[in-house]
Amino acid sequence: MQPAVLTIAGSDSSGGAGIQADLKTFAAHGCYGTSVITALTAQNTTGVQDVFPSSPEFVKKQIQSVVEDIDITAIKTGMLFDTDNCRAVAQALKQHYCSSTTAVSGSRSAFPPTICDPVCVSTSGHTLLHPDSVDIMISELFPMSTLITPNTQEASLILSHRNLEPSTKIDSLESMLIAARNLMTLGSEAVLLKGGHVTAKMADVDRLADSLCSEFEGSGNKENENSSGSNKCQVQVFREGLFGENMEILQAGYGGDLASTELVVDILIEKERTTTVFARPRIGSSSTHGTGCTLSAAIAANMAMGKTLVDAVRSATIYTHIGIGTASKIGHGHGPLNHLHALYQASVPQRTPSNPYPFTTLLIERSRDIWKAYVEHDFVKQLGKGTLREVCFVHFLKQDYKYLKYYARAYAILAAKSTSFTSIGSATQTIINVIEEIDTHKAFCAQFGVTEEELERTEESRATTAYGAWLLDMGLQGDRAKLLIALLACLLGYGEVGLWLKKQALRPESGVILDGNKYLRWIEDYSGEAYQEAVKTGLEIIEAQAAADPPSPSRFEDWCEVWKRGTTLEKRFWDMGLNLEY
Ligand SMILES: Cc1ncc(COP(=O)(O)O)c(N)n1
């Protein structure tokens, strides 16, 4: 299925914004792009040199030609330039979509999802919509729009035309929320207010989420990727490419100041009580020409593919973010984004100072539930409280001893698949580390009355064999990256568990106690410097691999499956520990 999507916008001769950005974005999403040109611009990355508008009659004709022949699944509008063209667009669309006998005349439900990007002024400061046309755009186009997507400057301009607050500067998340709510009164079904020009930090996002939740009588849920079950209100916060829950291990490796990371935040309001906040790290780049066009085109394409509005906006913000992050320098001014990144590589954000582990963050985010089930397993909690039955711990230790043999052998395969002395060396070093870890194991076991002979004689449990054999299989399948990811779930998970337990111990209500805990040494080992250093090295290797050879979307999906499987097998290993299953 290749849904047809229509853009009604201006042409950008430099190819970064307008019609050209839209068509590339549609293509990148697997949609068939059609276009109605409202104006030609003589434009490049340094500015707009001239504009030559299409006549309103010709705009209407183009729309009729397209919609009478092709079944359009979503529409986006961009630069409309003047009052006559705004009217022409509204009339032609109404004429087609509201004249059919089945359509409720004039009602928005007659239209395909319609995204209105109220383009008013170019980034370079050139007028793209006559100031006296703003009123017509509001009265004619907003009521037929599923979503409008102004930036803060456009929002100020639009609101000032209706004497609504804040008519001047929108420079904080609080003023963005007020503006977005006021924009909701202008007739569109939903509003996405883009905060690219607003400076925000993590604490600002938390404060906004808290105030939204308390405003809605605490029935909202500000957890990442969760929504409240109540249909009365919904508050969601998406933090993309930023460390979230159960990512102690990534934050520890980061070593910077997360609180000072500059974020870009967009606010989506669908209904009075349905608000979604999208936050991501700001990329310091001059390749931002056409960002607004690209975002609205991506939302339209995602909706044409059947996504809900929230999902469409979420993936469009990620698509656009990666487009900025992977852009090549083109032209002498504000260059275009890389619209086609999704065709060649998966949507993995670039490494930045605020997140040096974007690939790993994405892997964890993609299978967050399994990861949480693994690192916050009952076995781990009981171990932290010191209530874990000794027989379970000993059983686990014996099986872990068996497992580590597979683990070391898998690293030997990794060494064989490595082509530089550095990578051969680091795989070999891990084998040496594992052998040293075995000594710790033996010492532990001795402490619990288990001799080395008994360890060797232990029968392997099914969970151990399944996990170990799978690791070796991943090694034999060919892709070095796949093997690295297969090994990562273990390396990272134990580091996370060590740090998580240490953190829990600071919260008396968690019940985790380190003083007098008979498993303290285990916790100390995995939260200790040596193990954490090994984790850091592992993270560096996997991130370097992903950055040096960015995966295609399908290869990335394969990798996600490997990660998910590894995490599941780890979780089953704890299950086995608790249930003493052989
Ligand atoms: C044809 C056309 N449409 C839209 C924009 C806005 O894009 P930007 O805000 O990046 O200048 C533009 N410059 N040209």
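First listed ligand is number 1; within each ligand, the first listed atom is number 1. Computed from a predicted model, the values in this text were never measured in an experiment.
Only the side chain of Ala17 comes within 4.0 Å of ligand 1, counting heavy atoms alone; its backbone N, CA, C and O stay farther away. Contacts between His289 and ligand 1, counted as non-hydrogen atom pairs separated by less than 4.0 Å, involve both the backbone and the side chain. Contacts with ligand 1 closer than 4.0 Å are made by side-chain heavy atoms of Gln43 only, the backbone lying farther away.
Against a heavy-atom cut-off of under 4.0 Å, Ser122 is close to the following atoms of ligand 1: 11 (O), 13 (N). Within ligand 1, counting atoms from 1 as listed, the ones closer than 4.0 Å to a heavy atom of Gly10 are 1 (C). Applying the 4.0 Å criterion to heavy atoms of Ser11 picks out, from ligand 1, the atoms 1 (C). Atoms of ligand 1 found under 4.0 Å from any heavy atom of Leu128 (numbered from 1 in listed order, with element): 4 (C), 5 (C), 6 (C), 12 (C), 13 (N). Near Gly290, meaning under 4.0 Å from one of its heavy atoms, ligand 1 places the atoms 8 (P), 10 (O).
Looking only at heavy atoms of the protein, atom 11 (O) of ligand 1 is closest to Thr123 N, 3.0 Å. Counting protein heavy atoms only, atom 4 (C) of ligand 1 is closest to Cys293 SG, 3.5 Å.
A donor and an acceptor atom, one from each side chain of Thr7 and Lys76, are nowhere located under 3.5 Å apart.
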Inset, instruction - List the steps and the verdict of side chain to side chain contact (heavy atoms under 4.5 Å, CB included) for Leu23 and Tyr32. - result: CA-CA 8 Å; Leu23 290 177; Tyr32 178 79; over 6 Å; no
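Taking the centre of each ring, His339 and Tyr319 stay at or above the 6.0 Å mark.
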